[in-house]
Amino acid sequence: SHTKLERKAYSLVLLQQEEEILLGYKKRGFGKGKWNGFGGKEMNEECEVQLEKDDLEKIGLLEFIIAGQPILMEVHIFKAHRYTGMPTESDEMIPKWFNIKDLPYESMWPDDRIWYPLMFENKKFKGEVHLSEDEKIIYNSIKPIDIL
Ligand code: 6OG
């Protein structure tokens, strides 16, 4: 469409402990039925895990456009290593640790197959992803970069 997109900023946090990563199964709202990282500030409310601000490492910047939605999502992606608390189910999310070699990609956003491997190689990345209305990738420019 020719309508100007409204840009909205989000954060996405991936907590990694050696070979395992904490994902949350979204029970409602945007991304319902998918495993994803946690929305930064809300991680405590989403699953009762507390992070330290100076432990958050910025690893990616992705821009998403989904066909039929008037929003450009600017997603700032962070990796965290330390946490306190006990991952606990909330109204929003079911948290679960996954081995990084055995991720549920078929129940994740399709772009995750592109940038998770970069994250596990400790590369930073940036790019734009366009999804069709049925959430398939129709354009992607994700690539590793040195500086974010
Ligand atoms: P809440 O509505 O839960 O914020 N997000 C995406 N994450 C991935 N991996 N792929 C996408 O492709 C995404 N689009 C949005 C940003 C939504 C959370 O989901 C992330 C936020 O952390 C389309 O508050």
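The residues of the chain are indexed from 1 along the displayed sequence. Atoms within a ligand are numbered from 1 in the order they appear, just like the ligands themselves.
- Looking at Asp111 against ligand 1, only its side chain comes within 4.0 Å, counting heavy atoms.
- Which parts of ligand 1 touch Asp112 is read off a 4.0 Å heavy-atom cut-off, strictly below it: atoms 8 (C), 9 (N), 10 (N).
- Separation of atoms OG (Ser132) and CD1 (Ile137) is listed at 9.5 Å; rounding is to 0.5 Å.
- Within a 4.0 Å radius of atom 22 (O) of ligand 1, the protein has at least one heavy atom.
- Each of the atoms 1 (P), 2 (O), 3 (O) of ligand 1 lies under 4.0 Å from some heavy atom of Lys26.
- Here Phe98 and Trp35 bring their ring centres to under 6.0 angstrom of each other.
- Less than 4.0 angstrom separates some heavy atom of Trp115 from each of these atoms of ligand 1: 9 (N).
- For the side-chain contact (heavy atoms from CB on, under 4.5 Å) with Trp97, the lone residue among Leu22, Ile21, Leu23 that qualifies is Leu22.
- In summary, the atoms of ligand 1 found under 4.0 Å from a heavy atom of Ser11, numbered by their order in the structure, are 21 (C), 22 (O).
- Using modelled atom types, one finds no donor on one side chain facing an acceptor on the other under 3.5 Å when comparing Glu128 with Ser141.
- Counting the atoms of ligand 1 from 1 in the order shown, those under 4.0 Å from a heavy atom of Leu131 are 23 (C).
- At a 4.0 Å heavy-atom cut-off, ligand 1 does not touch Glu135 at all.
- Between Trp109 and Phe30, the angle of the ring planes stays under 30°, which puts this pair in the parallel group of the 30/60° scheme.
- Using a 3.5 Å distance cut-off with no hydrogens or angles, the side chains of Glu20 and Asn99 do not pair a donor with an acceptor.
- The main-chain N or O of His81 is found under 3.5 Å from a side-chain atom of Asp55 such that the two form a donor-acceptor pair.
- In this structure, atom 15 (C) of ligand 1 is in close contact with the protein, since a protein heavy atom lies within 4.0 Å of it.
- Atom 6 (C) of ligand 1 has as its closest protein heavy atom Asn36 ND2, 3.7 Å.
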